[in-house]
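In what follows, a single structure is set out as structure tokens and then discussed.
The figures here come from the full heavy-atom set of this structure, side chains too, leaving out hydrogens, waters and symmetry mates.
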Amino acid sequence: MKQNQSQKNTTIKKPLPLAKKQNPVIPFVLVFLIPVLLYIQTLAFDFSFFDDDVIIIDNISFLSDFYNAPFAFLTDAFISKCSSFYRPMQTLSYMTDIQLSGGNNPWMYHLTNVLLLGCIACSLFIFFRKLSLPVKPAILGSLIYCMHPLFISSVAWIPARGDLQLTLFSLLSFIFFIEFLKTKKNNFLFWHWITFTIALFCKESAMLLPILFVLYYFLYTKEKRFEKKYFILLLLYAISGILMYWMRIKAIGSFSNDKDEVGIMSVLWNLRTIPEAIAMFFIPYKIAPIPNFSTLKTVMGIVIIIVLLILFFKNKERSIKEKIFCISWFLIFILPPMFYRHPYIDYLDHRFFSPMIGVLLFVLYLFPWEKTTNSDTKRTWIFIAVIIFFSSFTLIKSWNYSDPLVFYDTVISQNPKSTLAYFNRGCIKRDRKKDMNDVIADFSKAIELNPKHTKAYNNRGFAYGAQGFADKAIADYSKAIELEPDYADPYSNRAGEYYNQKKYDKAIADYSKAIELKPKFPVTYYNRGNAYSSMGSFEKAISDYTKAIELDAGYADAFYNRGNVYNYQGLLDNAIADYSKSIELKPDNANVYFNRGVAYHSKGISDKAIADFSKVIELNPNDAGAYFSRGNEYIKMKLFDEACADYKNAEALGLNEAKENISKYCK
């Protein structure tokens with residue numbers, strides 16, 4: 001029997017087990033829920049009183065009326081037409097928060113920021129997947145980004161809303177753009193344009209997004225042929241850009257309201273923010289709510305940038321095109337805010353929120369995630385350890401935003417040269433009726449750090465005045481006027497001190513100057529009216545009270561004081577009409593009822609006079625004058641028992657005049 005030269009292998013190989021199909025929903029649940037749960041504690045936080053008071057609290061009447069929604073596109077971010085920031089989508093979102101929560105509730109603003117972060121995390125995950133990153137690094141990268149302590153201010157600080165919106169709609173626009181290039185479907189083109197347009201109305205930085213779109217097209221697509229649709233898309237970009245720019249001009253009036261703070265010189269000043277941002281992204285060191293430039297962080301950032309550039313050239317796993325795209329993303333988003341220089345702040349961390357996506361993507365690209373090796377597992381655990389460290393740091397440090405005083409105490413502890421922090425903390429202490437010496441100390445420190453801080457002089461003057469130090473108050477108001485002659489508030493405040501000293505001529509001169517500078521402020525007319533009234537210039541007083549009422553139809557005190565002047569002039573019907581209007585607006589002011597009762601007494605209408613004096617007694621049972629005056633009306637009506645009871649009450653409360661009437665009418 002002939003033996004075969006080769007023996008047939010009869011071993012049967014077992015089929016490899018099928019890979020378990022991953023649930024596509026799980027990554028989205030993870031990247032959405034983990035950051036949301038991390039920041040859910042912010043719902044218990046108050047306003048920080050760092051811009052959110054000026055933007056929201058001071059404009060609550062405007063924001064509460066949703067019929068004002070179209071006007072969000074015709075005003076600046078501070079709803080005052082006095083800043084260079086255009087944020088209509090931010091303003092609309094605040095309006096929506098108020099409508100949904102039924103009022104001005106800090107928890108709702110914080111909740112919206114947290115939910116936006118969750119949506120950004122999901123969008124970032126999709127974006128990373130579209131850029132060919134596997135699921136695992138896409139999840140890890142999204143979580144690192146959304147839980148990074150550098151971005152605490154982006155979520156915990158309510159006014160960072162514009163940067164959250166910009167990032168979300170920029171990512172969505174990019175996702176739709178990539179899908180359009182891949183499928184050529186018009187619906188993706190449409191949604192790409194819509195989300196890009198929304199991004200434009202979130203923040204001006206989105207104006208440079210088309211550069212990134214074009215760059216992506218040339219770097220990532222194989223076909224470099226310009227089709228008709230692309231020309232249409234460029235036209236749509238132009239239409240959206242022109243519309244936004246035109247509406248911004250209508251809202252703000254010019255590109256900037258302060259040419260000294262916007263321009264190339266500001267860019268040069270802000271260049272240090274680039275290395276400092278890079279340093280804090282890789283080494284979250286001394287992250288403060290209001291940071292200041294640090295030589296150490298600048299040097300650290302420069303070193304890290306050099307290392308990244310070396311890795312840029314050494315790494316061969318990724319194409320140079322991909323790495324150029326990452327760097328371009330960073331630069332295009334970080335450069336626009338650098339054109340603005342704040343007078344009291346070096347920079348703010350929330351402006352790094354969008355740019356750092358490019359840096360994170362660059363880092364993720366450095367690793368060959370497509371290759372499954374033992375080092376891949378180690379790398380994953382390193383990333384998870386980083387996420388745990390970042391989230392713990394973020395969980396603790398976000399409490400710095402829980403309360404205004406905690407916020408500014410933290411700022412000062414980390415940035416003791418922050419003029420703004422001392423000034424704002426002084427304002428908060430004053431409003432919360434803290435020890436006035438502490439208030440003065442904070443304003444004094446702000447002045448020490450910046451001797452030209454006019455508002456600090458003005459506010460310290462107010463604090464001195466509250467303590468009865470009129471000379472010091474006047475000196476501070478005068479210094480503020482010297483530094484800024486067109487600043488109305490110190491004129492008005494100095495006038496108040498002159499009024500208290502009965503220097504009515506000086507008070508009127510200062511009130512008049514304040515009115516010249518700020519002609520639509522009703523309180524100044526009211527105060528000048530008081531000064532005219534004290535001088536006996538009743539017609540001028542009436543004119544000022546009337547102007548105050550024109551500017552504020554609900555000004556109860558202006559009606560009351562104009563009524564007093566009419567009463568003094570014997571124009572009793574006019575006086576009664578004004579007193580009645582004041583009562584309608586402010587029904588708990590006992591003085592108005594008393595003076596209207598006196599006017600009714602002068603007209604001989606005793607029943608109405610008695611009703612008003614009775615109301616005074618109801619509001620203030622210890623008002624001896626009301627008992628005495630009501631007793632007099634009862635005498636006129638021959639109600640002696642009632643009159644005697646009132647006279648005795650008046651005497652018991654210390655009114656000696658009642659004794660004579662008791663001896664005369666009461667037996």
Side-chain angles (χ1 to χ4, degrees), residues 47 51-106 108-113 115-116 119 158-173 176 190-210 235-257 262 336-337 340 519-522 550-554:
F47 294 108
D51 283 355
D52 48 18
D53 56 328
V54 181
I55 295 173
I56 297 173
I57 297 174
D58 292 354
N59 295 296
I60 194 61
S61 60
F62 174 86
L63 294 170
S64 298
D65 187 352
F66 211 69
Y67 286 105
N68 287 328
F71 298 102
F73 293 87
L74 297 174
T75 187
D76 67 328
F78 289 83
I79 315 174
S80 59
K81 293 192 176 183
C82 67
S83 79
S84 301
F85 303 116
Y86 185 57
R87 307 283 186 273
M89 294 305 299
Q90 174 177 285
T91 303
L92 281 178
S93 70
Y94 293 148
M95 288 180 164
T96 305
D97 289 340
I98 292 168
Q99 297 300 316
L100 291 176
S101 68
N104 188 30
N105 300 300
M108 186 68 214
Y109 303 111
H110 286 296
L111 176 61
T112 300
N113 276 18
L115 293 178
L116 280 171
C119 294
I158 294 170
R161 177 79 57 85
D163 287 83
L164 293 173
Q165 293 174 316
L166 168 69
T167 304
L168 175 61
F169 287 103
S170 297
L171 287 170
L172 290 174
S173 187
F176 289 126
F190 172 77
W191 286 112
H192 161 64
W193 173 59
I194 291 295
T195 47
F196 163 69
T197 304
I198 295 173
L200 282 175
F201 286 96
C202 293
K203 196 172 180 180
E204 297 92 336
S205 302
M207 289 286 284
L208 299 182
L209 268 176
L235 179 61
L236 290 174
Y237 291 156
I239 291 171
S240 298
I242 292 169
L243 175 65
M244 189 280 283
Y245 185 74
W246 177 74
M247 294 188 76
R248 188 183 185 281
I249 291 295
K250 292 280 288 183
I252 296 176
S254 65
F255 184 79
S256 167
N257 286 323
V262 177
Y340 172 76
K520 294 185 178 181
F521 200 53
E550 282 179 22
L551 293 169
D552 181 2

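One distance of note links CD1 of I56 with CG of D97; it measures 7.5 Å at 0.5 Å rounding. Considering CD1 of I79 and CG of L74, their distance stands at 12.5 Å, rounded to 0.5 Å. Of the inter-residue distances, the one linking H192 atom NE2 with T197 atom OG1 reads 9.0 Å to the nearest 0.5 angstrom. The CG atom of L164 lies 10.0 Å from the NZ atom of K203; values are rounded to the nearest 0.5 Å. Of the inter-residue distances, the one linking N113 atom CG with D163 atom CG reads 10.5 Å to the nearest 0.5 angstrom. Atom OG1 of T96 is separated from atom CG of L92 by 6.5 Å, given to the nearest 0.5 angstrom.
In this structure a side-chain-to-backbone donor-acceptor pair under 3.5 Å is missing from D76 to A251. Between the side chain of Q165 and the main chain of Q90, a donor-acceptor pair closer than 3.5 Å is present. Side-chain N or O atoms of S240 include none that pairs as donor or acceptor with a backbone N or O of Y237 at under 3.5 Å. Side-chain atoms of E204 come within 3.5 Å of backbone atoms of Y86 as a donor-acceptor pair (strictly under, hydrogens ignored). N104 places no side-chain N or O within 3.5 Å of a backbone atom of I57 that could act as its donor or acceptor partner.
Across I158 and P106, no two heavy atoms sit closer than the pair CD1-O, 4.4 Å. Heavy-atom minimum distance, C202 versus R87: O-CD, 3.0 Å. Annotation for A77 and T91: closest pair O-OG1, 4.5 Å, computed over non-hydrogen atoms. Counting all heavy atoms, side chain and backbone alike, D552 lies closest to P522 at CB-CG, 4.0 Å. Across all non-hydrogen atoms, the minimal contact from F196 to L209 is CE1-CB, 3.9 Å. Nearest heavy atoms, L200 versus G241: CD1-N, 3.8 Å.
Counting heavy atoms from C-beta outward, R161 and S93 have side chains that approach closer than 4.5 Å. For the pair Y94/I55, a side-chain contact is recorded, criterion being any heavy-atom separation below 4.5 Å from C-beta on.
Ring geometry for F47 against Y109 counts as tilted: the plane angle lies between 30° and 60°, on a 0 to 90° scale.
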Inset, instruction - Before giving the answer on side-chain contact (heavy atoms from CB on, under 4.5 Å), spell out for D51 and F78 the whole-Å C-alpha distance, their side-chain angles and the decisive distance to 0.1 Å. - result: CA-CA 8 Å; D51 283 355; F78 289 83; 4.0 Å; yes
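Taking the six-membered ring where the residue is Trp, the centroids of Y340 and F85 are separated by under 6.0 Å.
Under the side chain to side chain contact (heavy atoms under 4.5 Å, CB included) rule, M95 has a single partner from L100, D65, L63, which is L63.
With a 6.0 Å radius and a threshold of 12 heavy atoms from other residues, nucleotides or ligands, F66 has its CZ atom above the threshold.
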